[in-house]
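This is a predicted model, so every value here is computed, not measured. Any value given below was found using the heavy atoms of this structure, including those in side chains, with hydrogens, waters and symmetry copies removed.
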Amino acid sequence: MAGTNHTEYALALDLGGTFIKSAVVSDMGTVEKNWKVPTEADQGGDHVRNRLVGLCRTMLEDLPPMIRNEQVVGLGIGSPGVFDYDTGQLVAGAVNLPGMSGTPLRAMFEESLGLPTRVDNDANAFALAEAKWGAGKGAQSLIAYTIGTGVGGGVVLNGQVLHGAWGFAGELGHVTVEPEGEPCPCGNRGCVEPYSSANGIANYARKLVMEGGEGLLAGLPPESITCKDVGDAARQGDALAISAVERAAYYLGIAIAAAVIVLNPEVVVIGGGGSLLGEMLFEPIRRHLLERVYHQPVRQVPVVGAKLGTDSGVIGAGALAFAGKGEVALL
Ligand code: ZN
């Protein structure tokens, strides 16, 4: 029928410590309309839960004119934290979202909105979205990293997020790369996170400057040095900054090699603020993979930057809703 819109849409919620972002996402991965409100996490779990439900009602009442209610097939929610994927419960919320642990997110929304709801860790949602619509578009298997405050990770296998037996599969930022190395917030030592996160890169550059290192970064107050500063200096050929990026790539290369050997993914996607380092980070990672994964010289797993950009949180949540559509069994 001419003029009839057969596209399906999902409501998407991206719960963060500072903002809740929501969007209507199409089955092509495009954001049709979006909203953003402060989380006001300090006002407690009930307040945040009410805001989440309120945002969903707003989305349903305020759909773009071309979209009919029956074209909305589900809701996806991405959030930091640990989930029980059998029940859709947020078992342990993030420290910056107090009072959210134990929230039965899926049941809560299915009851209040009558929409099939799927929830997942935000890094897993990101990996799924990059596999469906982003840098790994069409890939059935992919591993994804987000280089930010920490190092997030997600694994997609057979087109589905891999959760594992107890829900913590794909925590790629907590692969050990230095047996007695730096402490990690997770309790382990020597995880890739403290070495290769954006914070880790900035911390290392700061340490070099405080030890008397010279160059462009030495002109900045050490405590103010950010990962972006390191990237800017490295782009100008600054040796200290380049060594900080190379070190992050070295440890990421070790971690990625371990994951590639286990999973043989079609593609490795790297996103988050730290991925703006671009080829300065990706090229040495590829070099380390070539050294460490003995299949690489024959056929190389591509290492590429994420494509979905600043909307990746809500697009990831939308991807969850479509991945869950019509399914009962979860991988
Ligand atoms: Zn860790």
Side-chain angles (χ1 to χ4, degrees), residues 123 126-127 130-131 134-136 139 141-148 150-156 170-179 181-182 184 190-205 207-208 213 215-217 227-307:
F126 165 78
E130 286 291 334
S141 64
L142 165 154
I143 60 175
Y145 294 78
T146 55
I147 312 296
V151 175
V155 173
V156 172
E171 287 286 0
L172 304 174
H174 301 284
V175 166
T176 300
V177 292
E178 194 66 84
E182 293 178 25
C184 179
C191 292
V192 68
E193 175 166 302
Y195 295 93
S196 304
S197 60
N199 281 11
I201 293 169
N203 287 343
Y204 182 67
K207 176 172 164 280
L208 293 181
L216 294 169
L217 295 172
C227 182
K228 183 178 179 301
D229 294 330
V230 177
D232 290 345
R235 246 172 239 112
Q236 294 175 60
D238 183 80
L240 184 151
I242 290 170
S243 74
V245 177
E246 291 262 343
R247 177 176 180 266
Y250 167 75
Y251 284 112
L252 258 180
I254 294 173
I256 295 173
V260 164
I261 279 284
V262 174
L263 297 162
N264 184 18
E266 289 167 61
V267 56
V268 179
V269 175
I270 301 181
S275 70
L276 299 176
L277 292 164
E279 284 301 311
M280 287 190 302
L281 185 69
F282 306 155
E283 188 278 324
I285 289 174
R286 291 186 200 112
R287 205 169 355 104
H288 293 299
L289 279 183
L290 207 52
E291 287 167 8
R292 291 178 192 281
V293 181
Y294 72 97
H295 309 85
Q296 285 290 96
V298 182
R299 190 169 173 190
Q300 292 180 27
V301 180
V303 177
V304 297
K307 272 214 180 125

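In terms of modelled atom types and a separation under 3.5 Å, the side chain of Glu193 and the main chain of His174 share no donor-acceptor contact. Side chain of Thr176 to backbone of Pro179: no donor-acceptor contact under 3.5 angstrom is found. Put simply, the side chain of Ser275 never gets that close to the backbone of Gly305: no donor and acceptor are under 3.5 Å apart. Within the 3.5 Å criterion, the main-chain N or O of Gly150 finds no donor-acceptor partner in the side chain of Ser197.
Between atom CD1 of residue Ile147 and atom CG of residue Asn199 there is a gap of 11.5 Å, rounded to the nearest 0.5 Å. Considering SG of Cys191 and CG of Leu172, their distance stands at 11.5 Å, rounded to 0.5 Å. One finds the CD1 atom of Ile270 at 6.0 Å from the CG atom of Leu252 (value rounded to the nearest 0.5 Å). Taking CG from Leu263 and OG from Ser141, the interatomic distance works out to 8.0 Å, rounded to the nearest 0.5 Å. Atom CD in Gln236 sits 5.5 Å away from atom CG in Leu216 (nearest 0.5 Å).
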Could you go through the side-chain contact (heavy atoms from CB on, under 4.5 Å) check for Ile256 and Tyr145 one step at a time? CA-CA 9 Å; Ile256 295 173; Tyr145 294 78; 3.5 Å; yes

For Thr146 and Val151: C-alpha separation, side-chain torsions, deciding distance, then whether side-chain contact (heavy atoms from CB on, under 4.5 Å) applies. CA-CA 6 Å; Thr146 55; Val151 175; over 6 Å; no

Go through Ile254 and Arg292 one step at a time and tell me if the side-chain contact (heavy atoms from CB on, under 4.5 Å) criterion holds. CA-CA 8 Å; Ile254 294 173; Arg292 291 178 192 281; 3.5 Å; yes

Which is it for Val260 and Val268 under the side-chain contact (heavy atoms from CB on, under 4.5 Å) test, yes or no, and what are the steps along the way? CA-CA 9 Å; Val260 164; Val268 179; 4.1 Å; yes

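In this structure Glu182 satisfies the salt bridge (charged side-chain N to carboxylate O under 4.0 Å, His left out) test together with Arg247, sequence neighbours excluded. Listed by chain and residue number, nothing satisfies the side chain to side chain contact (heavy atoms under 4.5 Å, CB included) test with Asn264 (two or more places apart in sequence, or in another chain). Among residues two or more places apart in sequence or in another chain, the salt bridge (charged side-chain N to carboxylate O under 4.0 Å, His left out) test is passed with Glu178 by none. The side-chain hydrogen bond (donor to acceptor under 3.5 Å, both in side chains) check on Asp238 picks up nothing, with sequence neighbours excluded.
Each ring pair (Phe, Tyr, Trp, His ring centres under 6.0 Å) pair with one or both residues in residues 230-276, not counting sequence neighbours, appears once here: Tyr195-Tyr251, Tyr250-His288.
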Per-pair distances, 0.1 Å, donor-acceptor, side chain in residues 276-286, under 3.5 Å, sequence neighbours excluded:
{"unit_1": "Glu279", "atom_1": "OE1", "unit_2": "Arg286", "atom_2": "NH1", "d": "2.8"}
{"unit_1": "Glu279", "atom_1": "OE2", "unit_2": "Arg286", "atom_2": "NH2", "d": "3.1"}
{"unit_1": "Glu283", "atom_1": "OE1", "unit_2": "Arg287", "atom_2": "NH2", "d": "3.3"}
{"unit_1": "Glu283", "atom_1": "OE2", "unit_2": "Arg287", "atom_2": "NE", "d": "3.4"}
{"unit_1": "Arg286", "atom_1": "NE", "unit_2": "Val303", "atom_2": "O", "d": "3.4"}
{"unit_1": "Arg286", "atom_1": "NH2", "unit_2": "Val303", "atom_2": "O", "d": "2.9"}

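Nearest heavy-atom pair across Ala233 and Ala241 is CB-CB, 3.6 Å. Heavy atoms only, all atoms of each residue included: Leu217 and Asp229 are closest at CD2-O, 3.7 Å. Contact detail for Ala198 and Cys227: the closest heavy-atom pair is O-CB, 3.5 Å. Among all heavy-atom pairs drawn from Val267 and Ala139, the shortest one is CG1-CB, 4.1 Å. Residues Ala259 and Ile143 come closest through the heavy atom pair CB-CD1, 3.7 Å. Residue Ala144 comes nearest to Phe126 through the heavy atom pair CB-CE2, 3.8 Å, listed as atom of the first residue, atom of the second, then distance.
Taking the side chain as every heavy atom from C-beta outward, Leu290 and Gln300 approach each other to under 4.5 Å.
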